[in-house]
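Computed over heavy atoms, backbone and side chain alike; hydrogens, waters and symmetry mates excluded.
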Amino acid sequence: QVQLVESGGGLVQPGGSLRLSCVASGSAFSINDMGWYRQAPGKQRELVAGITSGGSTNYAGSVKGRFTISRDNAKNTVYLQMNSLKPEDTAVYYCNADLRISGDYYYHQYWGQGTQVTVSS
């Protein structure tokens, strides 16, 4: 009924920047919180940054001061601006949304397919 599609990943050199985008589309829906997670090979998926419907944000300690999460509610889009990228940022980045499809009673967690971010010289 709803899909989240990430874009903006790719290969970047250390110190470089990327901006990830995630757009929710499909059925009519309401979105509460949104966030970005990442998963590196051999590691568990971890929260990178989250943003509430009102715009409050939180970040993993490893990305504070380097990454910025934002959203455009009118466009059902969440962004992750990543600056000063490090090799340890290499991972598949997943968009997440706490979302309720119109007509349903409950909110549910929805995930995008992920976009690869590789930081390497």
Side-chain angles (χ1 to χ4, degrees):
Q1 296 290 98
V2 174
Q3 64 178 14
L4 305 180
V5 180
E6 302 99 334
S7 62
L11 175 64
V12 65
Q13 294 184 337
S17 298
L18 286 173
R19 190 177 80 151
L20 306 183
S21 300
C22 173
V23 180
S25 63
S27 303
F29 51 82
S30 298
I31 304 177
N32 191 15
D33 298 343
M34 303 185 78
W36 288 95
Y37 292 71
R38 67 186 181 188
Q39 187 167 20
K43 296 185 178 181
Q44 294 184 346
R45 188 173 298 185
E46 64 174 346
L47 176 67
V48 177
I51 185 167
T52 69
S53 60
S56 297
T57 60
N58 66 283
Y59 299 90
S62 59
V63 307
K64 286 183 179 179
R66 299 189 297 120
F67 291 10
T68 303
I69 188 171
S70 61
R71 65 191 290 169
D72 186 332
N73 292 331
K75 297 180 179 179
N76 295 316
T77 301
V78 63
Y79 306 95
L80 185 67
Q81 178 67 47
M82 304 184 293
N83 299 324
S84 302
L85 283 162
K86 304 175 181 179
E88 51 262 44
D89 295 318
T90 296
V92 177
Y93 284 70
Y94 297 91
C95 175
N96 171 268
D98 185 40
L99 180 153
R100 179 181 63 83
I101 296 175
S102 295
D104 288 352
Y105 186 80
Y106 297 106
Y107 281 79
H108 297 281
Q109 293 286 319
Y110 289 82
W111 294 90
Q113 292 294 306
T115 185
Q116 177 71 48
V117 172
T118 302
V119 184
S120 177
S121 60

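When all heavy atoms of Arg66 and Leu85 are compared, the closest pair comes out as NH1-CA, 3.9 Å. Across every non-hydrogen atom of Cys95 and Met34, the tightest pair is SG-CE, 4.4 Å. Taking every heavy atom of both residues into account, Leu80 and Ala49 meet most closely at CD1-CB, 4.1 Å. Between Gln3 and Val5 the shortest heavy-atom distance is NE2-CG2, 3.9 Å. Nearest heavy atom pair, residue Thr52 against residue Arg71, reads O-NH1, 2.9 Å.
Atom CD of Gln113 has 12 or fewer neighbouring heavy atoms from other residues, nucleotides or ligands inside a 6.0 Å radius. Atom CD of Gln44 sits in a sparse spot, with 12 or fewer heavy atoms from other residues, nucleotides or ligands closer than 6.0 Å.
Of the possible polar contacts, none joining the Gln81 side chain to the Thr68 backbone as a donor-acceptor pair under 3.5 Å is found. Judged by distance alone, with hydrogens and angles left aside, the side-chain atoms of Thr90 form a donor-acceptor pair with the main-chain N or O of Val119 at under 3.5 Å. Side-chain atoms of Tyr59 come within 3.5 Å of backbone N or O of Ile69 as a donor-acceptor pair.
Once rounded to the nearest 0.5 Å, the distance linking CG of Leu47 with CH2 of Trp36 reads 12.5 Å. To the nearest 0.5 Å, atom CD1 of residue Ile101 and atom NE2 of residue His108 are 7.5 Å apart. Taking NZ of Lys64 as the reference point, atom CG of Asn58 lies at 8.5 Å (rounded to 0.5 Å). The line from CG of Asp33 to OH of Tyr107 is 9.5 Å long, rounded to the nearest 0.5 Å.
Partners of Gln109 under the side-chain contact (heavy atoms from CB on, under 4.5 Å) rule, at least two apart in sequence or in another chain, are Asn96, Asp98, Trp111. For Gln39, there are no side chain to side chain donor-acceptor pair (under 3.5 Å) partners two or more places apart in sequence or in a different chain.
Cluster partners of Tyr106, by chain and number: Tyr105. The rule joins Ile, Leu, Val, Met, Phe, Trp and Tyr whenever side-chain heavy atoms lie under 4.5 Å apart. Members clustered with Tyr79: none, using a 4.5 Å side-chain heavy-atom cutoff among hydrophobic residues.
Using a 4.5 Å cut-off between side-chain heavy atoms of Ile, Leu, Val, Met, Phe, Trp and Tyr, with links allowed through other members, Val117 and Val48 fall into the same hydrophobic cluster. A continuous path of Ile, Leu, Val, Met, Phe, Trp and Tyr side chains, each step under 4.5 Å between heavy atoms, connects Tyr110 with Val78, placing both in one hydrophobic cluster.
Within the structure, the disulfide (SG to SG under 2.5 Å) test picks out no pair touching residues 44-90 (sequence neighbours left out). Within the structure, no pair that satisfies the disulfide (SG to SG under 2.5 Å) test touches residues 39-89, not counting sequence neighbours. Applying the salt bridge (charged side-chain N to carboxylate O under 4.0 Å, His left out) rule to pairs touching residues 34-56 yields Arg38-Glu46, Arg38-Asp89, sequence neighbours excluded.
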Would you give me the side-chain donor-acceptor pairs under 3.5 Å for residues 9-31, sequence neighbours excluded?
unit_1, atom_1, unit_2, atom_2, d
Ser17, OG, Asn83, OD1, 2.9
Ser27, OG, Gln1, O, 3.0
Ser27, OG, Gln1, NE2, 3.2

